[in-house]
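Scroll down for the structure; my scribbles are underneath it.
Along the sequence shown, the residues carry numbers beginning at 1. Note that this is a predicted model, so its numbers are computed, not measured. For ligands, and for the atoms within them, numbers begin at 1 and follow the listed sequence. No hydrogens, no waters, no symmetry mates; every other heavy atom, side chains included, goes into these values.
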Amino acid sequence: TLLLATQAEIVVAPAMNVHMWQHAATQTNVETLRARGVQFVGPDSGFLACGWEGAGRMSDPEEIAAVAELRLGPRSLAGQRVLVTAGGTREAIDPVRAITNRSSGKMGFAIAARVDVESALDMRSAVLDRLDSTDLVVKAAAVADFRPASVADQKIKKESLPEGVAPTLELVRNPDILAEVSQAPGDRIVVGFAAESEDLVPAARRKLARKGCDLIVANDVSREGAGFDGDTNAVVLVWPGGEVEELPLLTKAEVAGELLDRIEKLWSERS
Ligand code: PMT
């Protein structure tokens with residue numbers, strides 16, 4: 001009743017038994033609340049007070065505070081139309097199987113809400129459809145660089161192959177959405193990410209030059225606490241002028257806050 005009456009912004013940090021959280025009733029209600037603008041922080045995964053293990057732990061208070069601050073803090077980006085991509089893409093092999101990567105979407109979701117897509121081609125269409133009405137694009141998604149050259153209509157049966165033989169997957173390149181968006185006409189700000197496992201800054205610099213975006217957020221996914229899936233990240237911001245800014249290990253919500261602060265500054269410099 002309190003929530004029905006309030007006109008305040010609502011941030012929810014759920015904590016419950018893993019099966020309660022995964023229950024269709026809970027998930028449907030969560031989607032309804034999200035659609036109404038309620039923001040969720042967590043739950044995290046791990047050991048639960050009830051003895052089960054899985055999703056249901058309350059997020060760290062620091063992370064809840066960071067999300068609340070982001071949500072309730074100064075609305076300096078109010079009125080700007082922002083497009084964020086998040087998560088991995090899934091490239092179908094047949095009706096049953098797909099190739100994908102380890103991105104959970106947490107980094108991108110810490111920046112903004114989303115439209116669900118599956119493959120890189122789906123993401124490209126979703127991005128290009130919205131590009132004209134967008135002032136800022138942040139590409140935190142781990143987009144598959146390759147997809148199967150063809151998708152089988154029916155499940156590929158191992159019995160259809162000689163004993164002990166595995167199918168050979170032929171892959172083709174996916175379009176580079178970030179490069180396409182960076183080169184599209186318009187004066188929007190375009191931010192790319194770079195997931196690297198070695199030579200972080202040189203690789204990010206090369207990516208920045210190749211893709212032509214305004215900023216690259218580079219993360220070393222082999223570093224403890226950084227990159228895929230966890231709730232924290234350690235990023236280095238690489239700018240076209242050659243400047244490099246290394247941020248400490250932060251929650252993904254804090255990284256999102258720092259990133260939006262830099263984007264805001266870039267915006268005010270440009271205008
Ligand atoms: O999702 P999480 O589990 O929270 O993990 C976060 C993360 C590690 C996925 C995120 O921080 C990150 O690094 N995202 C970018 C991952 C990636 O695909 O990097 P890349 O170096 O392969 O691609 C560089 C940039 O080009 C990215 O902005 C990517 O979105 C974009 N790209 C890549 C390929 C492609 N075909 N089209 C693209 O637009």
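- Counting only distance, with no hydrogens or angles, the side chain of Asn17 and the backbone of His19 share a donor-acceptor pair below 3.5 Å.
- Of the protein's non-hydrogen atoms, the one nearest atom 34 (C) of ligand 1 is Asp145 OD1, 3.3 Å.
- Asp122 and Ser119 share a donor-acceptor pair across their side chains, judged by distance under 3.5 Å alone.
- Residue-to-ligand polar distances place Leu178 within reach of ligand 1: an N/O pair is separated by less than 3.5 Å.
- At a 4.0 Å heavy-atom cut-off, ligand 1 touches Asn219 through the side chain alone.
- Of all non-hydrogen atoms in Val238 and Ala204, the two that sit nearest each other are CG2-CB, 3.9 Å.
- For atom 23 (O) of ligand 1, the nearest non-hydrogen atom of the protein is Phe193 O, 3.9 Å.
- Panel note: side chain Asp199, backbone Pro202; no donor-acceptor pair is recorded below 3.5 Å.
- Between the Ser197 side chain and the Val221 main chain, no donor and acceptor come within less than 3.5 Å of each other.
- The distance from ligand 1 to the heavy atoms of Ala194 drops below 4.0 Å at these ligand atoms: 21 (O).
- When only non-hydrogen protein atoms are considered, atom 19 (O) of ligand 1 lies nearest to Ala195 N, 3.4 Å.
- Looking at Ile177 next to ligand 1, an N or O pair under 3.5 Å apart turns up.
- A salt bridge does not link Arg173 with Asp145: every distance from a Lys NZ or Arg NE/NH1/NH2 to an Asp or Glu carboxylate oxygen is 4.0 Å or more.
- Taking every heavy atom of Lys252 and a limit of under 4.0 angstrom, the matching atoms of ligand 1 come to 2 (P), 3 (O), 4 (O), 5 (O).
- Considering both main-chain and side-chain atoms, Ala141 comes within under 3.5 Å of ligand 1 through a nitrogen or oxygen pair.
- Between Arg102 and ligand 1, no pair of N/O atoms sits closer than 3.5 Å.
- Between atom 1 (O) of ligand 1 and the options Ala144, Gly87, Ser103, the minimum heavy-atom separation is to Ser103.
- Thr26 contributes no side-chain N or O that, together with a main-chain N or O of Gln22, makes up a donor-acceptor pair within less than 3.5 Å.
- No donor-acceptor contact under 3.5 angstrom links the side chains of Glu170 and Thr168, judged on distance only.
- Only the backbone of Pro175 comes within 4.0 Å of ligand 1, counting heavy atoms alone; no side-chain atom from C-beta on gets that close.
- Contacts between Ala86 and ligand 1, counted as non-hydrogen atom pairs separated by less than 4.0 Å, are absent for every part of the residue.
- Taking 4.0 Å as the cut-off between side-chain N and carboxylate O, Asp135 and Arg81 count as a salt-bridged pair.
- A salt bridge (charged side-chain N to carboxylate O under 4.0 Å, His left out) with Asp214 is found for one member of Arg188, Arg270, Lys139 and no other, namely Arg270.
- A tilted orientation is assigned to the rings of Phe40 and Trp21, their planes being inclined by 30° to 60°.
- Residue Ile216 forms a side chain to side chain contact (heavy atoms under 4.5 Å, CB included) with just one option from Val244, Leu237, Leu208, Val236, and that option is Leu208.
- Residue-level proximity to ligand 1 for Ala140 is carried by the backbone, the only part with a heavy atom below 4.0 angstrom.
- In terms of protein heavy-atom proximity, atom 26 (O) of ligand 1 is nearest to Lys211 NZ, 2.9 Å.
- The protein heavy atom nearest to atom 2 (P) of ligand 1 is Ser104 OG, 3.3 Å.
- At a 4.0 Å cut-off, not a single heavy atom of Gly108 sits close enough to ligand 1 to count as contact.
- For a threshold of 3.5 Å applied to N or O pairs, the pair formed by Asp229 and ligand 1 contains at least one separation below that value.
- Here is the list of ligand 1 atoms found below 4.0 Å of a heavy atom in Gly192: 28 (O).
- Between Lys139 and ligand 1, a contact under 3.5 Å exists for at least one N or O pair.
- If you number the atoms of ligand 1 from 1 as listed, the ones under 4.0 Å from a heavy atom of Lys106 come out as 1 (O), 2 (P), 4 (O).
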For Leu136 and Leu83, what are the C-alpha separation, side-chain angles and deciding distance, and is it a side chain to side chain contact (heavy atoms under 4.5 Å, CB included)?
-> CA-CA 6 Å; Leu136 163 66; Leu83 195 154; over 6 Å; no
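- Of all the heavy atoms of Asn233, the ones lying under 4.0 Å from any atom of ligand 1 belong exclusively to the side chain.
- Within ligand 1, counting atoms from 1 as listed, the ones closer than 4.0 Å to a heavy atom of Gly227 are 5 (O), 6 (C), 8 (C).
- For ligand 1, the polar-atom distance check against Val221 finds no nitrogen or oxygen pair separated by under 3.5 Å.
- The salt bridge (charged side-chain N to carboxylate O under 4.0 Å, His left out) with Asp231 is formed by just one residue from the set Arg57, Lys106, Lys252; it is Lys106.
- Under 4.0 Å is where a charged nitrogen must lie from a carboxylate oxygen, and between Asp229 and Arg102 no such pair does.
- Hydrophobic clustering (ILVMFWY, side-chain heavy atoms < 4.5 Å, transitive): Val190 and Phe193 are in distinct clusters.
- Under a 4.0 Å heavy-atom criterion, Glu180 is not in contact with ligand 1.
- The single protein non-hydrogen atom nearest to atom 6 (C) of ligand 1 is Met107 CB, 3.5 Å, given as residue, atom name and distance.
- Taking every non-hydrogen atom of Lys207 and a distance limit under 4.0 Å, the qualifying atoms of ligand 1 come out as 20 (P), 21 (O), 24 (C).
- Among all protein heavy atoms, the one lying closest to atom 18 (O) of ligand 1 is Ala142 CA, 3.2 Å.
- No path of Ile, Leu, Val, Met, Phe, Trp and Tyr side chains, each step under 4.5 Å between heavy atoms, connects Phe109 with Ile10, placing them in separate hydrophobic clusters.
- For ligand 1, the polar-atom distance check against Gly105 finds a nitrogen or oxygen pair separated by under 3.5 Å.
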